[in-house]
Q: 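I am attaching a structure below and will ask some questions about it afterwards.
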Amino acid sequence: MAKLIDGRAIADNVYAELRRDIAMLKSDGITPGLAVVLVGDDPASRAYVRSKDKMCRDLELHSVKLELPATTTQEELLARVEELNRDPNVHGILVQSPPPKQIDEGAIVRALNPAKDVDGFHPSNVAKLVIGDDSGFVPCTPLGCQRLLIESGMEVSGAHVVVLGRSMIVGKPLALLLMRKATGANATVTVVHSRSRNLAEITRSADIVIAAIGQANFVKADHVRQGAVVIDVGINRVDDATAPRGYRLVGDVAFDEVAEKAAAITPVPGGVGPMTIAMLMSNTIKASRQQSH
Ligand code: GUN
């Protein structure tokens with residue numbers, strides 16, 4: 001049976017560090033500020049935005065929560081982003097993805113001040129990740145996965161990491177992050193996706209499997225070699241009449257069968273999720289530090 005990698009406990013260690021950083025910034029008269037923008041009323045997005053706002057309050061950061069109607073136009077949203085770009089008390093801005101279909105998400109991301117782009121989605125931050133410039137912002141979920149591996153003592157350097165999924169939010173930046181010439185990286189990275197041939201053959205050759213494809217229970221025991229480390233990024237709602245809300249959350253990994261073979265595995269919930277929010281707070285503190293110089 002695999003060792004459980006406890007994302008909540010590791011996130012708590014991160015918060016202990018961040019609280020010290022925040023206290024130092026406050027002694028210099030700086031309160032890090034984060035604005036989270038939600039357009040529409042997607043229930044999962046609302047839940048994420050609520051937990052980000054709550055975490056800002058717990059850490060005593062300045063928090064702006066903008067909830068805009070699903071009918072918000074591109075121009076209205078751009079105007080709000082530009083206001084936040086100009087607001088000196090806001091150091092980080094996050095526009096929750098995905099927005100409603102009338103919104104051109106790429107144009108919104110390009111309108112963000114890259115220095116406040118704590119999601120790391122702006123082209124200039126993507127470029128900095130590619131070239132290895134540490135002044136940029138790296139997306140929070142990839143950072144959280146890397147930190148989980150480091151803090152749980154997994155050797156990433158030289159390991160074969162197979163990433164399932166090539167999204168702009170997780171798969172692609174995660175591959176770039178783990179192949180960098182840096183501590184906690186130096187991995188041999190393979191990215192597989194929905195069109196990959198021999199997917200299971202490739203994932204079976206991994207020392208570390210990271211699943212970020214957004215399909216419930218996609219990764220089965222047959223995808224994983226004995227003794228591999230498995231990181232599950234997925235958060236999928238599946239119907240469950242016995243659950244209080246009528247659904248429960250499961251990852252991209254068929255947990256029970258994969259845990260029989262893996263050396264270590266992250267649960268869902270309580271694995272990558274808490275780390276993503278911790279890394280958002282960390283990026284916000286980094287943004288406030290950079291903007292105060
Ligand atoms: N939707 C799912 N994950 C994320 C994220 O990390 N950032 C934003 N902005 N939206 C998301």
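Computation of the quantities below employed the complete heavy-atom set of this structure, encompassing side-chain atoms and omitting hydrogens, waters and symmetry-equivalent molecules. Throughout, residue positions are numbered sequentially from 1 according to the sequence presented. When a ligand or atom number is given, it counts from 1 through the structure's own listing order.
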Q: Does K128 count as lying over the ring of F137, i.e. NZ or CZ under 6.0 Å from the six-ring centre, within 45 degrees of the axis?
A: no
Q: Can you give me the closest heavy-atom contact between P142 and V170, atom names plus distance?
A: CG-O, 3.7 Å
Q: Quick check: T141 and ligand 1, any N/O pair under 3.5 Å apart?
A: no
Q: Short N/O distance, under 3.5 Å, between D119 and ligand 1?
A: yes
Q: How is the hydrophobic cluster of I93 composed, in terms of its other members, when Ile, Leu, Val, Met, Phe, Trp and Tyr link through side-chain heavy atoms under 4.5 Å apart, directly or indirectly?
A: V37, V39, V64, L66, L68, L77, L78, V81, L84, V90, V95, I103, I108, L112
Q: So which protein heavy atom does atom 10 (N) of ligand 1 come closest to, and at what separation?
A: S97 N, 2.9 Å
Q: For the residue pair E105 / S97, report whether a side-chain donor-acceptor contact shorter than 3.5 Å exists.
A: yes
Q: Examine ligand 1 and decide if any of its atoms is less than 4.0 Å from a heavy atom belonging to Y48.
A: no
Q: Suppose I only count heavy atoms of L94 and a 4.0 Å limit; which atoms of ligand 1 are within that range?
A: 9 (N)
Q: What's the shortest distance from atom 11 (C) of ligand 1 to any protein heavy atom, and which residue and atom give it?
A: Q96 NE2, 3.3 Å
Q: Specify the closest pair of heavy atoms between F255 and T266, including all atoms of both residues, with the distance to one decimal.
A: CE1-O, 3.9 Å
Q: List for me each residue that meets side-chain contact (heavy atoms from CB on, under 4.5 Å) alongside K172, sequence neighbours excluded, and say none if there are none.
A: none
Q: Applying a 4.0 Å heavy-atom criterion (strictly less than), which segment of V95 is in contact with ligand 1: side chain, backbone, both, or neither?
A: backbone
